[in-house]
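Heads up: the structure comes next, in structure tokens.
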Amino acid sequence: MPTPFETAIAQSLRLRWEQHLYRSRRVIAGPQNTRLTIGNKEYLSFCSNDYLGLANHPEVIKALQKGAQQYGVGSGAAHLICGHSAAHHALEEELAEFTGRPRALLFSTGYMANLGAIAALLGEGDAVFEDRLNHASLIDAGLYSGARFYRYRHGDTQSLIELLNKCNATKKLIVTDGVFSMDGGIAPLPALASFARDHNAWLMVDDAHGLGVIGEEGRGTVDYHGLSAKDVPVLMGTLGKAFGSFGAFISGEENLIEFLIQEARTYIYTTALPPAIAEATRVSLHLAQQEQWRREKLGSLVSLFRRGAGELGLPLTDSATPIQPLIIGDNAKTLHVSQQLFDHGFLISAIRPPTVPVNSARLRITFSASHEVQDVERLLSQLEKLL
Ligand SMILES: *Cc1c(COP(=O)(O)O)cnc(C)c1O
């Protein structure tokens, strides 16, 4: 007799197969790059979040090696015990400066930063307002916080106002992705900031896909919209995407950061990042800011793709960022096209529910400053044959 767990697990797996929602991993040999090696074959990849091409940058690698020599590998403990190194501290100061806020606090991952910050800020009797297309970690954080949870229609500021108007909670937090991770669209931050002001609420932006990529020197969505730290009191950023490294941070006022150090459980009860990772990130942060050509190149590759895809009549969204999904709709069809692309040497992931809404399965195509014009042309001519 199978146990109830065995029965439930087998059923869940079978259902996923039947609905074309089964997920599996591909084993990559070698570093993150536009060319990836899988089982001795080379693929042209359009699915990483290494937008600036820094994940495999020689200077960043050198900083990691040097950091390991100086600090060893493990941090040894949580930040509040004895794991907070000079490397972490320096990176926090540089992130604060980069985001134009007094302080920044490192977390081990973006998922943990969102969970820790939102659950520390909100509890029973409070309210959280989230865009329906927010990243899963923000949704989970809102639910976990115990606050009343309101989801507004994607980018629909009218629907948000209605929810705000009928909510009498004391602390209200509006939470949004800066750049939506599966769509590439930029959140309407000026409107959100003004509603937050009107309703005495706070606005939190998760800028995992905006930092490094848009705004002056890559300062992200808040800078792109010309907003201040006052408009967006809580800014979250990740270091594993455009910065090509690992980890995440929250930046804001002195008291907010001190409060998170005391109260954010995913900060307190976890081992600090390896200090060498912090050293590597300091270098990639510097490169990301200084090397404007990476953002310019990225921008021209995106334009080239959009022009070509438009001429082919492909189902583009109106994204102006390096995230350029082609929405196919049906799960099986999306999976099939992704598999065909793979057979032709392209790595592009099929993103299906529940990561995206039902009937909006898509090919999530992302560009990197390491791509070349010929890569985009090859992609377009393959898409022309398959779609
Ligand atoms: C990737 C991502 C996260 C999670 O960050 P990790 O460091 O990978 O855990 C959070 N929010 C958004 C919008 C993301 O895209």
Side-chain angles (χ1 to χ4, degrees), residues 23 25 32 47-52 54-55 88 91-92 95 99 104-119 128 130-145 151 154-155 173-187 189 192 203-215 218 220-222 224 232 234-251 264-267 270-274 277-278 280-281 284-285 288 319 321-325 349 351 354-357 362 364-368:
R23 300 160 190 250
R25 301 157 317 159
Q32 196 50 236
C47 51
S48 98
N49 300 313
D50 179 25
Y51 303 117
L52 299 179
L54 294 174
H88 297 118
L91 176 58
E92 287 185 344
L95 287 168
T99 56
L105 185 68
L106 276 177
F107 283 77
S108 294
T109 70
Y111 199 116
M112 291 169 72
N114 284 336
L115 216 57
I118 293 176
V128 62
E130 299 209 23
D131 189 292
R132 282 180 60 93
L133 295 190
N134 273 359
H135 189 263
S137 59
L138 293 173
I139 303 288
D140 292 356
L143 295 171
Y144 170 61
S145 74
R151 287 176 95 166
H154 176 52
L173 186 67
I174 303 170
V175 181
T176 184
D177 280 24
V179 172
F180 287 89
S181 53
M182 297 299 138
D183 291 69
I186 299 173
L189 294 190
L192 299 182
L203 175 60
M204 169 173 176
V205 174
D206 170 342
D207 214 12
H209 300 274
L211 287 166
V213 176
I214 61 177
T221 317
V222 177
Y224 169 88
V232 182
V234 190
L235 175 66
M236 179 276 198
T238 64
L239 303 170
K241 285 163 186 161
F243 301 110
S245 162
F246 190 77
F249 67 93
I250 301 273
S251 69
R265 295 172 65 86
T266 60
Y267 180 77
T270 201
T271 302
L273 282 174
I277 292 283
T281 311
S284 70
L285 176 63
S319 162
T321 66
I323 303 169
Q324 291 291 328
S349 41
I351 307 284
T355 307
V356 293
R362 64 199 64 189
R364 179 177 183 266
I365 298 171
T366 52
F367 294 96
S368 158

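Keep in mind it's a predicted model, so treat the numbers as computed, not measured. First listed ligand is number 1; within each ligand, the first listed atom is number 1. Atom set for the values below is all heavy atoms of this structure, side chains included, hydrogens, waters and symmetry mates excluded.
- No donor-acceptor pair under 3.5 Å is formed between the side chain of His135 and the backbone N or O of Asp177.
- Note on ligand 1: Ser137 sits in its first shell, one or more heavy atoms being nearer than 4.0 Å.
- The shortest distance between side-chain heavy atoms of Thr266 and Thr270 does not fall below 4.5 Å.
- Remark: ligand 1 and Gly110 share an N or O pair separated by less than 3.5 Å (distance only, no angle test).
- Proximity of Met112 to ligand 1, defined as any heavy-atom pair under 4.0 Å, is not found for any part of the residue.
- For the residue pair Thr176 and Asp131, no side-chain donor N or O sits within less than 3.5 Å of a side-chain acceptor on the partner.
- Under a 4.0 Å heavy-atom criterion, Lys241 is in contact with ligand 1.
- Applying the 4.0 Å criterion to heavy atoms of Asp206 picks out, from ligand 1, the atoms 10 (C), 11 (N), 12 (C), 13 (C).
- Between Thr99 and Asp207, every side-chain heavy-atom pair lies at or beyond the 4.5 Å cut-off.
- Judged as a side-chain hydrogen bond (donor to acceptor under 3.5 Å, both in side chains), the pairs with a partner in residues 106-115 (not counting sequence neighbours) are, in order, Tyr111-Asp140, Asn114-Ser137, Asn114-Asp206.
- At least one N or O atom of Tyr111 sits closer than 3.5 Å to an N or O atom of ligand 1.
- There is a side-chain donor-acceptor pair under 3.5 Å between Thr355 and Arg23.
- Annotation for ligand 1: atoms under 4.0 Å from non-hydrogen atoms of Thr109 are 7 (O), 9 (O).
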